[in-house]
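Working notes, beginning with the structure itself.
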There are 2 protein chains.
Amino acid sequence: MSIVLLAKNLGLSISTVSRALNGYDDVSAATRERVALRAKAIGYRPNPSARRLGAGKTSAIGVILPAASSTGQAVDSMYSSLLCGVVTEIEPAGYHLLASMQAKHDAAREAALYENFIRGGWVDALLIVRTRVHDARLELCRAAKIPFVTYGRTESDEPYAWVDTDNEKAFHLATTRLLDLGHRRIALINGPDEYYFAQLRRRGYLRALASRKLKPDPAWILHGDLTEGSGHELCRSLLIRSPAPTAFVCATDSMAIGAIAACREANLSIGTDVSVIGYGNSSLSAFCDPPLTTMEHQVFENGRYVGRALLQLLRKEIQPEEVHYLEPVVLVPRKSDGPAPQGG
Amino acid sequence: MSIVLLAKNLGLSISTVSRALNGYDDVSAATRERVALRAKAIGYRPNPSARRLGAGKTSAIGVILPAASSTGQAVDSMYSSLLCGVVTEIEPAGYHLLASMQAKHDAAREAALYENFIRGGWVDALLIVRTRVHDARLELCRAAKIPFVTYGRTESDEPYAWVDTDNEKAFHLATTRLLDLGHRRIALINGPDEYYFAQLRRRGYLRALASRKLKPDPAWILHGDLTEGSGHELCRSLLIRSPAPTAFVCATDSMAIGAIAACREANLSIGTDVSVIGYGNSSLSAFCDPPLTTMEHQVFENGRYVGRALLQLLRKEIQPEEVHYLEPVVLVPRKSDGPAPQGG
DNA sequence: GGACAAAACAGAAACGTTTTTGTCAAGCCA
DNA sequence: TGGCTTGACAAAAACGTTTCTGTTTTGTCC
């Protein structure tokens, strides 16, 4: 009854008040201002549910976060920063973030979750994270004609809006750095192969090797789940080989920490006997022993970019194919890498 | 028009269909089943916006996350697990989580954010995290008569629903452990004093000292912002004193990592010259050097508890004063602490 | 001054539910 | 058999907006 009251209070019709508040130009500037002032004075807030029903829009943007394990232990903390950036942008525009979680990747359950979000009319737009090489979620969104932005790219015939980090460049950079340091046996401790970022990273790694005419050893490319435990286990499995790698490029700082732990257990001195490079420049990477050489990317800023893109798509100010933001990555040199050991 | 179609399709009235779907008992069991079946068959989904408007309920639970810095870098990754637990419980009940963020603590802006959430009709219930000693948010919720659960306690005259970790016990436990190891100069690297958990932790620390008739030195109780950088800085400021502490109890594993870095810079051997205990049992704590003695608490499980409590409150199956869950904390002994150095 | 356009507002339908109130038939009891 | 209850459904009024379609007033031009 709220807008009714406001209208009565002003001696105007409901429709005029509504149009005044929404900035239509068939209401005089004077009236528009008068309405705005009075609305503020009596503390009028449009009821979001009614607004949604009336306009057919929800003012909500949905995101489904991947929780690696069923206990949620391994939710990637990166997402906090990403979402923080998104919210920073969409909140002032009156949008909210509707977050759900997905305990484990299961195609059927995932489709159901997204279907519910989209068809159920919960959200106006979606943020898709952790993109896979072939990602069915894009089709779901396209079929429902709902705007979306992916964080991470995927293989797709049709254009789509994406924001991503230059994973390929990053791992080319890191691998080249190790090559320049004299390393010839470089292992890649990668993320799950189904994710596109893992493929891009491998591609960067392989390209760096190829540019030095080095043949990659498939046994030195391993995939894990981005956790310390996984990095530890994979690194250990490589160290018992002979010859063992002298350097490890890891998909996350966490994996790098695990790898370093494995090296230490093997009585290898990090930065001299063996080199490790992480990814993410997490807050701890400067404080571990030795400080971790890693690659920085601005997750929060990427989140803001995503937020802005979503708003522009919702307002149809931009086409999906115009949203292609590839964040450059910078390498942060610290102490966990060094020249290849002699006779390595 | 959807329920209209379904009703027509069934030859029933809209109201009967609605009541059948919502399990009212003034519709025969046979009809109820028939409706449910047909609804499923034609893929009927109630429009959440309309449902909200009709029922005056949003089916959403709100949470406003604290982002420590304006860049969102220091969003506590713990919240991912907590929310994951909450969602696990509320999602099957048809509730969604509406998440917002608060860049920096600013009383006015915070109140506005919560007001918007509550008065704006965005959510049915709220989860309040990072409780302060005196927390104005409780009053906001009470005034708006909206159910809420706090994660963490606060000073309040009136009863309220809370889920918390036994912070006092935890730090009593850790301090006692260090005392048993012979330490007499134990520093507390705490979180910001405005948070209730920080006070409880100090209380546990002080109680442990008092039980051994030791007088606490106020200069050894410091407050930081829960990050590695802060732990590093605070620890360093203590190490240049004389006499310096021989042991540090830290508010988070991150702070402990920072403290360890500072100790290492001072050429102290961790676990022999100096002992450090963290809090949280983060995934990395087992893999750092030395592996971190820390305290485990089940954030995900706490989240589930919070979720269940919220549902029960919403259904009025329970009173706020009945929701008092204090999670016990267990100490995970590893290698970052040891006997006090001789002549310490 | 009459025709027309434009500006500014109003009326009413629509959005898709829930919920309150109403109706009707059947069953029960004295 | 008449009045009462009960079971099962229907009608219609909310819920608070947005938006489509009018309507009135004013101004402009020839």
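The sequence lines fix the lettering, A, B, ..., with proteins before strands; numbering per chain opens at 1. When reading the values below, keep in mind they use all heavy atoms of this one structure, side chains included, and skip hydrogens, waters and symmetry mates.
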side-chain N/O A:Ser49 vs D:dC15 OP1/OP2, d < 4.0 Å = no

Separation of C:dC9 atom P from A:Ile14 atom CD1, nearest Å, is 16 Å

Pair A:His96-B:Phe117, ring-ring contact (aromatic ring centres under 6.0 Å, His included): steps then yes or no:
CA-CA 10 Å; A:His96 283 262; B:Phe117 250 33; 5.2 Å; yes

*Check whether any side-chain N or O of B:Tyr24 sits under 4.0 Å from OP1 or OP2 of C:dT20, and answer yes or no.*
no

**Prompt:** Hey, does the side-chain of A:Ser15 have a donor or acceptor N/O within less than 3.5 Å of a partner on the base of C:dG11?
**Reply:** yes

Discussion item. Please check this pair: side chain of B:Asp135 against backbone of B:Arg132, looking for a donor-acceptor N/O pair closer than 3.5 Å.
Written reply: yes

Worksheet item: Hey, is CZ on B:Arg109 packed in by over 12 heavy atoms from elsewhere, all under 6.0 Å?
Response: no

Can you find a donor-acceptor N/O pair under 3.5 angstrom joining the side chain of B:Ser13 to the base of D:dA11? no

Comparing nearest nucleotides in DNA chain C, the 5'-proximal residue of the pair A:Gly54, B:Ala55 is A:Gly54

- Could you tell me whether B:Leu12 contacts a base, only the sugar-phosphate backbone, or nothing, with contacts defined as non-hydrogen atoms closer than 4.0 Å? sugar-phosphate

What's B:Ser18 touching, base or sugar-phosphate or nothing? Going by heavy atoms closer than 4.0 Å.
base

For A:Thr88 and A:Pro92, the nearest pair of non-hydrogen atoms, with its separation, is O-CD, 3.2 Å

Notebook entry, point to check: What nucleic acid atoms does A:Arg19 come within less than 4.0 Å of, heavy atoms only: base, sugar-phosphate, or nothing?
Noted result: base

B:Arg52 atom CZ is separated from D:dT17 atom C1', nearest whole Å, by 14 Å

Exercise. How would you label the contact of A:Gly121 with the nucleic acid (heavy atoms, under 4.0 Å): base, sugar-phosphate, or nothing?
Worked result: nothing

Describe the nucleic acid contact of B:Arg32 in one word from base, sugar-phosphate, nothing, applying a heavy-atom distance below 4.0 Å. nothing

Exercise for review: Please work out if B:Asn47 contacts a base, only the sugar-phosphate, or nothing of the nucleic acid, heavy-atom cut-off 4.0 Å.
Suggested key: sugar-phosphate

Winner on side-chain proximity to B:Val27, out of C:dG11, D:dC9, D:dA11, is D:dC9

Out of C:dC9, C:dC15, C:dT17, minimum distance to the side chain of B:Pro46 belongs to C:dT17

Does any donor-acceptor pair link the side chain of B:Ser28 with the base of D:dA8 at a separation under 3.5 Å?
no

A:Leu53 CG to C:dT17 C1', in whole Å, measures 8 Å

Taken to the nearest whole Å, CG/A:Asp26 to P/D:dG22 is 16 Å

Practice item. Would you classify B:Thr31 as touching base, sugar-phosphate or nothing, given that sugar-phosphate means primed atoms plus P, OP1 and OP2, and contacts are heavy atoms under 4.0 Å? Key: sugar-phosphate

Between CZ of B:Arg51 and C1' of C:dC15 the distance, given in whole Å, is 16 Å

- Task: Measure the shortest side-chain to side-chain distance between B:Ile61 and B:Asp124 over non-hydrogen atoms and say whether it is less than 4.5 angstrom.
- Result: no

Practice item. For A:Thr16, report the nucleic acid contact type (base, sugar-phosphate, nothing); a contact means any heavy atom under 4.0 Å. Key: base

Quick one: do the B:Arg137 and B:Tyr114 side chains pair a donor with an acceptor below 3.5 Å? yes

In whole angstroms, the gap separating P of D:dT17 from NZ of A:Lys8 amounts to 13 Å

Whole-Å distance, A:Leu5 CG to D:dC15 P, equals 12 Å

From CG of B:Asp25 across to C1' of D:dT6 the rounded distance in Å is 12 Å

